[in-house]
Amino acid sequence: MKLYNTLSRQVEEVKPLQAPKVTVYTCGPTVYDFPHIGNWFTFIRYDLLVRTLKLTGFEPQWVMNITDVGHLVSDADDGEDKLEKGAQREGKTAWDVAKVYSDYFTEGLKRLNFVPPTELPKATDHIAEQITLVQELETQGFTYVIDDGVYYDTSKFPKYADFARLDLDEQQAGARVEVNAQKRNPTDFALWKFSPTDHQRDMEWDSPWGKGFPGWHLECSAMSRKYLGDTIDVHSGGIDHVPVHHTNEIAQSEAITGKPLANLWMHTNHILINDEKIAKSAGNGITLEDIEARGYSLEAFRLHVLESHYRSQSKFSWESLEAAQNRLKNWQALADLRWQTREDGTENTDWSIPESYIKEKLGNDLNTPEAIITIDRHADIVTYIPKNVVDQFVQFLEFVDGAFGLTLSRGHDITDEQKQLIAERESARERKDWPESDRLRDLLKEQGIGVRDTDHGAIWYRL
RNA sequence: GGCGCCUUGGCGGAGUAGCUACGCAGCGGUCUGCAAAACCGCGUACACGGGUGCAAAUCCCGUAGGUGCCUCCA
């Protein structure tokens with residue numbers, strides 16, 4: 001199993017510390033609003049990672065955090081809290097908002113057929129661990145206190161710029177004006193923010209430094225350590241996290257443990273809609289509900305996600321989703337051949353061949369586009385399944401479902417009545433009673449069943 | 001200003017050197033009772049200019065355009 005490692009900027013073999021166990025940490029959602037499809041793109045790709053690790057013989061332990069603490073829009077004093085803002089918008093407390101959207105998210109994982117993560121820890125359940133972490137950093141001299149909080153002094157961590165290959169001096173030259181003049185370095189970030197004095201926050205906790213709330217990078221350092229130990233095998237997140245969030249996580253965790261936070265860092269690229277990034281202000285925040293409202297299945301959406309490579313900046317369009325849905329139908333038609341086996345025939349596909357090919361492609365930095373072709377090819381060529389290989393075929397379908405998170409193997413046969421209609425149509429055709437055979441074909445069509453005639457009889461498929 | 005990425009046919013999107021994926025859409029044909037499916041052919045696909053190779057979409061240099069991040073962000 002090979003993956004591109006942001007740390008080395010190269011494709012590397014995954015080498016877990018305690019194989020076959022492999023620890024995976026994913027930076028999860030901030031639950032202040034409905035996730036848009038760009039968010040789901042990312043999470044589906046981590047699901048793919050976990051599935052592929054399983055496929056290649058590993059036993060993944062997958063932890064994805066849920067950020068349910070409201071963090072400031074920026075570290076500047078005038079920043080707004082996303083959760084509190086969401087609460088204001090909906091006339092609720094930040095706690096209510098966090099609950100609603102975190103429930104929505106976990107429900108979404110099920111709707112999209114995710115492998116259930118081993119843990120889905122919430123930041124608000126790990127305040128004590130986060131405070132401990134700040135204390136450890138304080139003991140080791142990495143912190144300082146200013147008016148609005150406890151900060152991390154990035155100049156004390158010499159490797160700070162290494163991970164993202166930042167050029168701190170040049171960056172400062174063109175960066176926007178730093179609002180907080182009390183910070184020692186522009187890259188310094190809050191570990192613990194003090195509550196404002198003029199009003200009460202919905203979410204705040206006592207700490208050795210006063211009432212407040214944790215900085216937003218802190219939870220990942222605290223929770224990954226708690227659940228997966230000092231060094232994670234694969235740490236994943238959106239590409240936008242490289243220069244700030246993950247850089248800061250590394251600074252926090254490695255300052256304390258002296259060990260690598262993760263051996264391999266996987267980052268997914270973002271998608272574009274109409275050549276623009278997804279942003280609430282652009283009004284292109286499409287949700288799962290929008291997809292379903294247009295008549296597309298979430299399974300088609302999942303397949304659409306897998307059609308592009310996770311490191312490329314791919315595009316979303318309704319046309320592409322339509323194409324994915326058609327592709328899925330082709331695959332479903334192939335899967336439905338399991339109900340239409342024949343005793344005789346020379347068709348003799350060895351289903352272990354595409355299986356190992358798909359494994360090989362996925363194992364090579366999750367090359368889903370190439371893996372997908374394999375199934376297309378077979379969906380084109382195979383017209384029936386001999387009875388004696390149906391078990392192997394079903395096993396292949398289960399393999400595909402496991403690899404891509406689909407439900408091809410969970411299909412069901414058509415009803416006896418429908419089979420009867422097909423048989424009647426067959427005999428009508430033998431009698432050359434074309435009006436009757438066309439009537440029966442239309443009847444089946446109304447029931448969502450298409451029929452096509454081959455040299456070895458009629459084959460049905462779902463429309 | 002800094003750090004990156006990208007540019008493939010009507011659309012989407014693969015492809016790290018040689019035989020030119022795949023899905024969607026179009027045209028012509030074979031086949032078919034009609035369909036469907038499949039297959040064949042077509043619309044001369046690889047931003048531009050150099051370079052290195054017997055050979056480049058694929059490697060190197062440059063140009064143009066686009067785009068992401070540096071601020072919350074998947």
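Chain naming here is simple, since letters A, B, ... match the order of the sequence lines and numbering starts at 1 in each. Everything numeric in this text was worked out from a predicted model, so none of it was measured. Just the heavy atoms: all of them, side chains too, but no hydrogens, waters or symmetry mates, feed the values below.
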Can you pull every protein N or O that's under 3.5 Å from an N or O on nucleotides 22-24 of chain B?
unit_1: C22(B); atom_1: O2'; unit_2: Arg327(A); atom_2: NH2; d: 2.2
unit_1: C22(B); atom_1: O2'; unit_2: Asp376(A); atom_2: OD2; d: 2.4
unit_1: G23(B); atom_1: O4'; unit_2: Arg327(A); atom_2: NH2; d: 3.0
unit_1: G23(B); atom_1: O2'; unit_2: Ala323(A); atom_2: O; d: 2.9

Hey, is the side chain of Ser314(A) pairing donor to acceptor with the base of G13(B) inside 3.5 Å? no
Could I get the full list of ring pair (Phe, Tyr, Trp, His ring centres under 6.0 Å) partners for His378(A), not counting sequence neighbours? Trp351(A)
Can you name the residues that form a side chain to side chain donor-acceptor pair (under 3.5 Å) with Thr6(A), not counting sequence neighbours? His267(A)
Residue list, ring pair (Phe, Tyr, Trp, His ring centres under 6.0 Å) with Tyr104(A), at least two apart or on another chain: Phe34(A)
If the condition is salt bridge (charged side-chain N to carboxylate O under 4.0 Å, His left out), which residues does Asp413(A) pass it with, not counting sequence neighbours? Lys419(A)
Please name all residues satisfying ring pair (Phe, Tyr, Trp, His ring centres under 6.0 Å) with Phe301(A), sequence neighbours left out, ordered by chain then number. Phe41(A)
When only distance counts, do a donor and an acceptor, one from the side chain of Arg441(A) and one from the base of A35(B), lie under 3.5 Å apart? yes
For nucleotides U7(B) and U16(B), find the distance between their P atoms and express it as a whole number of Å. 12 Å
Closest-nucleotide ordering on RNA chain B, the 5'-leading residue of Tyr46(A) and Pro243(A): Pro243(A)
Using OP1 and OP2 only, check whether a side-chain N or O of Ser312(A) sits under 4.0 Å from A14(B). yes
Would you measure the distance from the P atom in C5(B) across to the matching atom in C11(B) and give it in whole Å? 26 Å
N/O contacts under 3.5 Å, protein versus nucleotides 5-10 of chain B?
none

Rounded to the nearest Å, what distance is computed from the CD1 atom of residue Ile459(A) to the P atom of nucleotide A38(B)? 12 Å
C73(B) to G2(B) separation - P atoms, rounded to the nearest Å: 26 Å
Stems where RNA chain B pairs, listed by first number, each of three or more Watson-Crick or G-U pairs under 3.5 Å: B:1-7 with B:64-70, B:10-12 with B:22-24, B:26-30 with B:38-42, B:47-51 with B:59-63
Same-atom distance (P) from C42(B) to A21(B), integer angstrom: 12 Å
Just by distance, do the side chain of Thr26(A) and the backbone of Gly28(A) share a donor-acceptor pair under 3.5 Å? no
Testing G33(B), G15(B), A74(B) for proximity to the side chain of Asn367(A), the answer is G15(B)
Taking ring pair (Phe, Tyr, Trp, His ring centres under 6.0 Å) as the definition, give me every residue that meets it alongside Trp265(A), ordered by chain and number, with sequence neighbours left out. Phe163(A), His235(A), His246(A)
C1' atom, U20(B) versus A14(B): distance in rounded Å? 12 Å
With a 6.0 Å cut-off on the ring centroids, do Phe316(A) and His304(A) count as close? yes
Identify, with sequence neighbours excluded, every residue that meets side chain to side chain donor-acceptor pair (under 3.5 Å) alongside Glu119(A). none
Distance, rounded to the nearest Å, where Lys432(A) contributes NZ and C34(B) contributes P: 11 Å
Check whether Lys2(A) reaches the backbone of Glu12(A) with its side chain - one donor and one acceptor, N or O, closer than 3.5 Å. no
Would you indicate which nucleotide in A35(B), G33(B), A74(B) comes nearest to any side-chain atom of Arg429(A)? G33(B)
Report the distance from atom CD1 of Ile273(A) to atom P of G68(B), rounded to the nearest whole Å. 13 Å
Give me the distance, rounded to whole Å, that separates A25(B) from G12(B) when you measure between the C1' atoms they each carry. 11 Å
Of all the choices, G33(B), A14(B), C70(B), which nucleotide is nearest to the side chain of Val244(A) once you look at every atom? C70(B)
Pairwise C1' distance for C22(B) and G9(B), with rounding to whole Å: 14 Å
For Trp205(A), give me all partners under side chain to side chain donor-acceptor pair (under 3.5 Å), at least two apart in sequence or on another chain. none
N-O pairing of Arg429(A) and Glu436(A) below 4.0 Å: no
Side chain to side chain donor-acceptor pair (under 3.5 Å) against Ser312(A), all qualifying residues, sequence neighbours excluded: none
Taken to the nearest whole Å, CD1/Ile271(A) to C1'/G13(B) is 14 Å
What is the distance from CZ of Arg462(A) to P of A37(B), rounded to the nearest Å? 18 Å
